[in-house]
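Presented below is the structure to which this report refers.
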Amino acid sequence: QVQLVESGGGLVQAGGSLRLSCAASGRTFSSYAMGWFRQAPGKEREFVAAVTRSGDSTYRADSVKGRFTISRDNAKNTVYLQMNSLEPEDTAVYYCAASRTGWTLRSRDNYDTWGQGTQVTVSS
């Protein structure tokens with residue numbers, strides 16, 4: 001089982017960019033599909049983006065299409081979330097997660113392991 005550690009969060013002005021990283025321990029990183037979710041205060045955790053094991057397919061929530069890009073580097077055991085044109089509505093704690101099955105990646109129920117989260121705050 002992998003362990004996940006997110007980094008790269010912070011405070012940014014609207015219109016700015018951030019890149020989140022999620023480093024995974026263990027030798028089996030490439031056997032997991034990976035996802036990013038976020039949770040704003042008082043709201044449920046929601047899907048942001050996901051990438052398949054090989055990285056050849058990606059999925060994004062409609063709210064971030066055209067602004068966020070997910071990618072992975074299996075040689076570095078790391079998944080990234082590049083966030084551009086940030087909006088105050090993007091303010092949340094962002095979590096990365098690993099899925100053994102790689103099925104239905106938009107559903108948080110299909111993820112086995114979660115990181116501790118990293119705070120992203122976008123000021124207007």
Side-chain angles (χ1 to χ4, degrees):
Q1 186 172 350
V2 295
Q3 293 184 324
L4 306 172
V5 178
E6 301 97 333
S7 62
L11 173 64
V12 63
Q13 289 188 330
S17 298
L18 283 174
R19 188 175 81 155
L20 305 184
S21 298
C22 174
S25 64
R27 304 177 185 176
T28 60
F29 177 70
S30 62
S31 66
Y32 290 84
M34 299 298 295
W36 286 96
F37 288 74
R38 66 186 181 186
Q39 188 167 17
K43 295 188 176 182
E44 291 193 352
R45 194 171 298 189
E46 65 174 4
F47 171 76
V48 175
V51 59
T52 55
R53 295 179 182 90
S54 64
D56 58 353
S57 294
T58 62
Y59 309 91
R60 288 173 290 182
D62 289 344
S63 59
V64 306
K65 280 182 180 177
R67 301 189 298 123
F68 291 11
T69 302
I70 187 171
S71 62
R72 68 188 296 163
D73 186 338
N74 286 343
K76 295 183 177 180
N77 282 12
T78 302
V79 61
Y80 305 98
L81 185 68
Q82 178 67 44
M83 306 187 294
N84 299 328
S85 302
L86 282 161
E87 303 168 353
E89 293 75 20
D90 296 317
T91 295
V93 177
Y94 283 71
Y95 299 89
C96 73
S99 170
R100 286 182 180 272
T101 65
W103 301 336
T104 320
L105 292 176
R106 295 176 184 270
S107 172
R108 61 189 183 192
D109 293 339
N110 289 320
Y111 290 84
D112 312 283
T113 305
W114 294 80
Q116 83 288 351
T118 186
Q119 177 70 48
V120 171
T121 303
V122 185
S123 64
S124 57

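Residue V51 comes nearest to G55 through the heavy atom pair CG2-CA, 3.5 Å, listed as atom of the first residue, atom of the second, then distance. The two residues G117 and E6 come nearest to each other via the heavy atoms N-OE1, 2.9 Å. When all heavy atoms are compared, the tightest approach of V79 to S71 is CG2-O, 3.1 Å. In this structure, M34 and C22 approach most closely via the heavy-atom pair CE-SG, 4.4 Å. Listed here is the closest heavy atom pair of A14 and S124: CB-CA, 4.4 Å. Closest heavy-atom contact between N84 and S17: OD1-OG, 2.9 Å.
Residue-environment remark: CD (Q3) stays at or below the threshold of 12 foreign heavy atoms within 6.0 Å.
Residues L86 and F37 are members of separate hydrophobic clusters, defined by side-chain heavy-atom contacts under 4.5 angstrom among Ile, Leu, Val, Met, Phe, Trp and Tyr. In the hydrophobic cluster analysis, where Ile, Leu, Val, Met, Phe, Trp and Tyr join through side-chain heavy atoms closer than 4.5 angstrom, V120 is grouped together with V64. In this structure, W36 is a member of the same hydrophobic cluster as Y32, with clusters built from ILVMFWY side-chain heavy atoms closer than 4.5 Å. Hydrophobic clustering keeps I70 apart from Y80 (ILVMFWY residues linked when any side-chain heavy atoms are closer than 4.5 Å, directly or through intermediates). In the hydrophobic cluster analysis, where Ile, Leu, Val, Met, Phe, Trp and Tyr join through side-chain heavy atoms closer than 4.5 angstrom, V2 is grouped together with L81.
In this structure, the separation between CG on L20 and CD on Q82 is 9.0 Å, given to the nearest 0.5 Å. With rounding to the nearest 0.5 Å, the separation of CD in Q119 from CG in L11 is 9.5 Å. Between atom CZ of residue R100 and atom OG1 of residue T113 there is a gap of 7.0 Å, rounded to the nearest 0.5 Å. Note that OG1 of T121 is 11.0 Å distant from CG of D90, once rounded to the nearest 0.5 Å. Separation of atoms CZ (F29) and CG (D73) is listed at 8.0 Å; rounding is to 0.5 Å.
M83 has its side chain out of reach of V48: every pair of non-hydrogen atoms, C-beta onward, lies at least 4.5 Å apart. Side-chain contact between K76 and S21 is absent, with no heavy atoms from C-beta onward closer than 4.5 Å. Side-chain contact between W114 and R45 is present, with at least one heavy-atom pair separated by less than 4.5 Å. Residues Q13 and S123 are in side-chain contact: their nearest non-hydrogen atoms beyond the backbone lie under 4.5 Å apart.
Not a single donor-acceptor pair under 3.5 Å links the side chain of Q39 to the backbone N or O of A92. At least one donor-acceptor pair closer than 3.5 Å links the side chain of N77 to the backbone N or O of G26. Side chain of T118 to backbone of Y94: no donor-acceptor contact under 3.5 angstrom is found. Between the S31 side chain and the T28 main chain, a donor and an acceptor come within less than 3.5 Å of each other. With R72 contributing its side chain and T52 its backbone, the two residues share a donor-acceptor pair below 3.5 Å. Between the Y111 side chain and the L105 main chain, a donor and an acceptor come within less than 3.5 Å of each other.
Geometric assessment of R60 against the ring of F68 yields a negative cation-pi assignment under the 6.0 Å and 45° thresholds. Figure legend: cation-pi geometry between R108 and Y95 absent, as NZ or CZ is not positioned both under 6.0 Å from the six-membered ring centre and within 45° of its axis.
Taking the six-membered ring wherever Trp is involved, the centroid distance between the rings of F47 and Y59 does not fall below 6.0 Å.
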